[in-house]
Amino acid sequence: NAGVTQTPKFQVLKTGQSMTLQCAQDMNHNSMYWYRQDPGMGLRLIYYSASEGTTDKGEVPNGYNVSRLNKREFSLRLESAAPSQTSVYFCASSELGSPISYGYTFGSGTRLTVV
Amino acid sequence: DAKTTQPPSMDCAEGRAANLPCNHSTISGNEYVYWYRQIHSQGPQYIIHGLKNNETNEMASLIITEDRKSSTLILPHATLRDTAVYYCIVRVAGGLGGGSQGNLIFGKGTKLSVKP
């Protein structure tokens with residue numbers, strides 16, 4: 001019952017460094033999502049992938065790229081990290097095409113600090 | 001912008017029912033009401049969702065008004081572990097992963113504090 005697994009759980013980067021956040025789900029979900037959450041705020045959608053082979057921008061895509069590697073995996077890349085990207089990042093997945101979607105399953109988050 | 005309005009905070013005594021309100025006056029006919037909660041910086045957790053009928057599961061009950069412009073999440077016997085931020089979200093269910101209309105848009109939610 002792993003659900004959605006995110007790695008790493010914590011990361012500190014220097015300004016300008018790059019890194020990739022990994023996300024994998026084992027529920028055979030078609031859709032996957034990346035959110036960020038800043039202190040005291042709700043979650044904001046960065047990118048999503050409705051199905052394998054497709055990706056689309058969310059509310060706050062600038063400074064990020066994504067790759068839907070296969071049905072299980074959806075990665076988020078920061079090419080040149082900035083202090084404004086200090087945040088907690090959550091990955092989520094959901095079913096595709098169900099008329100009664102039971103919602104998203106979220107990972108436990110990656111806490112990223114850019115100094 | 002989130003399509004829902006929730007009070008920023010609420011208190012509830014342990015063992016009592018917690019009633020969390022949500023206004024969604026612009027909800028469309030094909031939009032469901034979803035509730036999630038987030039316990040102390042963990043990933044959000046799905047609680048319940050509904051279209052127009054009242055719903056109940058092992059976690060909570062969802063009461064939706066007849067005009068669907070508001071709803072109430074009820075935790076029947078709140079415990080200290082229910083202390084969390086509760087998010088009320090309206091979205092189109094299913095579809096092409098929901099598409100852009102189906103994406104979860106989070107507001108600031110209601111911070112529920114359950115007190116001994």
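Order of the sequence lines sets the chain letters (A, B, ...), proteins ahead of strands, with each chain counted from 1.
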With the 4.5 Å side-chain cut-off for hydrophobic clustering, are B:Tyr34 and B:Ile74 part of the same group? no

Would you say B:Ile27 and B:Ile64 are hydrophobically clustered, going by side-chain heavy atoms of ILVMFWY under 4.5 Å? yes

What part of A:Arg44 is in contact with chain B, defined as an atom under 4.5 angstrom from a non-hydrogen atom: side chain, backbone, both or neither? neither

Starting from A:Tyr48, can I reach A:Val60 by hopping between I/L/V/M/F/W/Y residues whose side chains sit under 4.5 Å apart? no

Verify the cluster assignment for B:Trp35 and B:Ile63: are they in a single hydrophobic cluster under the rule of side-chain heavy atoms below 4.5 Å apart? no

Looking at every non-hydrogen atom in both residues, tell me the closest pair between B:Gln42 and A:Arg111 and how far apart they are. N-NH2, 4.4 Å

Of the non-hydrogen atoms in A:Gly42 and B:Tyr87, which two are nearest, and what is the gap between them? CA-OH, 3.9 Å

Got a sec: does the CZ of A:Arg77 have more than 12 other heavy atoms crowding it under 6.0 Å? yes

Examine whether an atom of A:Gln37 lies under 4.5 Å from a heavy atom of chain B, and if so say whether it belongs to the side chain, the backbone or both; otherwise answer neither. side chain

Let me know if A:Leu43 has heavy atoms under 4.5 Å from chain B in its side chain, its backbone, both or neither. both

How far apart are the closest heavy atoms of B:Tyr46 and A:Tyr104, and which atoms are they? CB-O, 4.1 Å

